[in-house]
Undergrad: 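Next up is a structure, given as structure tokens.
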Amino acid sequence: MPPASRVPALLQPYVRLPNSDSILLVTSTLGASTNWLLIRFLCDALNPVRHDAGQKSDNSNNDVKVIFASWMRDWEFWKAEARKGGGLDLERLKRDKRFAFVDGTPGHFTLTSPDLTQLQETVKSALEYLNPSTSPTPPTTLLILDDPSLLLATVPSLTPSSLTSTILKLQALLSPSISTPPTSSPSQNAHAHAHIILSLPADDALLAPSAPTPQPLEISAHNILVKAAHMSARILSCRVLDTGVARDVSGVLRVTDNGGGRRAGGEGLLDFDDGGGDGAEGRTGREFLYKVGGDGGVRVFERGNGGE
Amino acid sequence: MAPTEVDHCISPKTLDFLIEAAGLHVQASTDKKTIVPEWCLDHQQPRPGKLLIKPIHEPAHRVIKLCGRDDSSWIRKNNRYYSGVRKPAPSVTSKRTGMAKNLSVAQYQRHLVHLMMRIFALRTGASPFTLILDDLNQGSKTLLDELFRRAMSRNINIVYLTFDQAVKPHPYIRHIPIYHDVTGDQVLAEIDRAMKDFHTSIVIVDSLHDLLNHKKVEMAALLNLVAVKYSSMLFGIWHQDVLPATAEADAYTPQTLDVIKYMATTIITCKSFAHMLAIKAAKERSLPEPTHGLLQGAEGIVQCLEANDIRGIVLEAEFRRKSGRPESGTYFLRPSRQSDYNAPLPGMFLGTLKQEFVTLLDLVPSYASKEVTDMVKAAAEEIQSTFDLGLTEKQKQARDGVVLPYYDAQKSMGDAGEGGRILYDMGSEDDFDEEEDEI
């Protein structure tokens, strides 16, 4: 089964990376993990079929390079998960210089301390590995950060602001259009973008401040999520079914659009969306149910359409 | 002009009584008018100028002025500033003196819209420091984009300090990313540098929380720089759902948000249009206001489905006037269209605004009209259930496909006319008694 068909049709538009520099937020709860969703993002980004048969030819000569940084799970886990769920051979992609893994365990690009400057340096060296300076065109890069909020718990002096600042610095590092003005060489940079996917937990236990004196960690965990949500163009949150456990449903996926996609590329501000605001409903969010199978396959369906 | 009721509220009888009580000897033959004291005369003369309630003369057709393509009152001409002494902006004083007059509803609405128009037209002195409060349910992006466009349309310099966005919105905008390792003093120096070569600028800070708490910039220093030195407008965005950090050292100092709310001359709170409709429907049914998003309390929900309504943004504004009079209104800002702006003059990115489209929420047809309210109410009255009681297309097809029992009996009724025939095959255990079942 090719990786393309591992992404359910309903999910397809939401795991596709936007056409401009963006930050996407993926949130999980204890009962509903987002590993399967991150794998689907990988499938869409690393899938070569996409570039040949895509709706536009914008990415035809630009590979998407992926840097995956995980604080919660190690390389072996993601390798197995990607093979099982997405049919991706991360080992081979790593050799092909399309994928890099930043990890706490030795072997690849390694983080030995929770220091943020070290994170920046490591991502930079991973980027240099994926994209040597000899290459003529800068590629589209995707940086996945799996649960960086763990850093807040390990380093008490770290504030949510410094973490979000680091994320923006990383985006500036990856994006050719932020570091150099787009007017200088528009033809070269037009289709290369930098995307960051942030995966954060959204459990009540971590977010809701306990009365009467909330702990600093609770406030930090709440603030990092809220700030990240304000920064991101699209929010995908997984949660368990509100009504309890069901045999044929793993959880609910809510996708909301923050309208951040318009804001990029220089001319976005003056691209008027005439008549777009006349929609009867006016809502931007959608909800789906999903079921992760034992074999790693995922079925995504609308409410009331499942049960096969 | 006929004397009004007010003038006749003291009847002649009462007047006589008053005069007697005052101990004045009135002779019947004498004309009352000649001897009554002066204060009494006032009551006898009809005075047209002293009506308490004035009739309101509304012009039948208000002339709506459309802004020209090169309207000099809109575009800030020669905004570039090169050298010389920077004069303070002329203070605008109101020509009207005395107490405020009673206004009709239409006049009052126009007055409120005008207050907001001054903010959106970025008039110097309209509001030196505008605080914009937003949250995840309704971000301030629509509002911010509109402010950018207005400033570009008016040829006003834009300085945009940002913590949240690495991407520069437009080449025209002077973008100062402050997520880099810069100190508060460096940030202020950077703002100074960005404003130096223009007469009029606006400074937008996204968000104030980081600037004040993270970079430790003094709000007074920032306001002094922007509003006093350059007499420009400062817009500060504050995300309401970011919790204040508690530090034991400053347990007695007020929260930063309280301080800047105190300093702001205008406070604008962003609300989602869909939520305002829901709140209105709840109010009409005397129900508590619904909560959304993070407040909803459901685990794992970060943003509600109706967040950032694409139809427009609702702004709850509080104006603190120079006179000390507070005024507030609820406004609706729809996303702007190409047709709202004239063609740009050479050298500009955006033409002048033809006509202001910020309006009061009560004047928005889709909010005020009865049909919409009824629709929202009906939606609220639906049975609250976790099950979806409606049918999807697939379920409808499945239901249509079900063959009911005895269906062929119904079908054959039209053909053979043997309606009412009971389709039942006798089994061996059935005992059919001819006599009993005789018809």
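Proteins get letters first, then strands, A, B, ... in listed order; numbering begins at 1 in each. Hydrogens, waters and symmetry mates are skipped; everything else that's a heavy atom, side chains included, is used.
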Undergrad: Measure distances from B/His214 to the heavy atoms of chain A and classify the residue's part below 4.5 Å as side chain, backbone, both or neither.
TA: side chain
Undergrad: Check B/Tyr179 against A/Ser165 and note the closest heavy-atom contact, atom names and distance.
TA: O-CB, 3.5 Å
Undergrad: Would you name the heavy atoms of B/Cys304 and A/Thr256 that are closest together and state the gap between them?
TA: O-CG2, 3.6 Å
Undergrad: Report the option among A/Glu287, A/Met231, A/Arg239, A/His230 that has the most heavy-atom pairs separated by less than 4.5 Å from atoms of chain B.
TA: A/His230
Undergrad: Taking all non-hydrogen atoms of both residues into account, name the closest pair between A/Ser237 and B/Gly300 and its distance.
TA: CB-O, 3.5 Å
Undergrad: Could you measure the distance from the CD1 atom of B/Ile310 to the CG atom of A/Asp257? Nearest 0.5 Å is fine.
TA: 9.5 Å
Undergrad: Side chain, backbone, both or neither: which part of A/Thr29 has a non-hydrogen atom closer than 4.5 Å to chain B?
TA: side chain
Undergrad: Using non-hydrogen atoms and a 4.5 Å limit, figure out which bit of B/Ile178 sits close to chain A: side chain, backbone, both or neither.
TA: neither
Undergrad: Out of A/Asp203, A/Leu30, A/Thr27, which one racks up the most heavy-atom pairs below 4.5 Å with chain B?
TA: A/Asp203
Undergrad: Any sub-3.5 Å donor-acceptor pair from A/Asn223's side-chain atoms to B/Val242's backbone N or O?
TA: no
Undergrad: With rounding to the nearest 0.5 Å, note down the distance linking OG1 in B/Thr162 to CG in A/Leu168.
TA: 7.0 Å
Undergrad: Grab the two heavy atoms, one from A/Arg254 and one from B/Gln303, that are nearest each other, plus how far apart they are.
TA: NH1-O, 2.9 Å
Undergrad: Assess whether atom NZ of A/Lys124 is packed by more than 12 heavy atoms of other residues, nucleotides or ligands within 6.0 Å.
TA: no
Undergrad: Find the distance between CD1 (B/Ile301) and CG (A/Asp242) and round it off to the nearest 0.5 Å.
TA: 6.0 Å
Undergrad: Please look at B/Asn213 and chain A and tell me whether the side chain, the backbone, both or neither of the residue comes under 4.5 angstrom of a heavy atom of that chain.
TA: neither
Undergrad: Is a donor on one side and an acceptor on the other found under 3.5 Å between the side chain of A/His222 and the backbone of B/Asp241?
TA: yes
Undergrad: Return the option, out of A/Ser220, A/Ser162, A/Cys238, with the maximum number of heavy-atom pairs under 4.5 Å with chain B.
TA: A/Ser162
Undergrad: Name the region of A/Ser22, side chain, backbone, both or neither, that has any atom closer than 4.5 Å to a heavy atom of chain B.
TA: neither
Undergrad: Which is it for A/Lys227 and B/Asp210 under the side-chain contact (heavy atoms from CB on, under 4.5 Å) test, yes or no, and what are the steps along the way?
TA: CA-CA 10 Å; A/Lys227 272 167 173 294; B/Asp210 298 284; 2.5 Å; yes
Undergrad: Checking side-chain contact (heavy atoms from CB on, under 4.5 Å) for the pair B/Lys215/A/Ser161: CA distance, chi angles, key distance, verdict?
TA: CA-CA 10 Å; B/Lys215 296 287 174 202; A/Ser161 287; over 6 Å; no
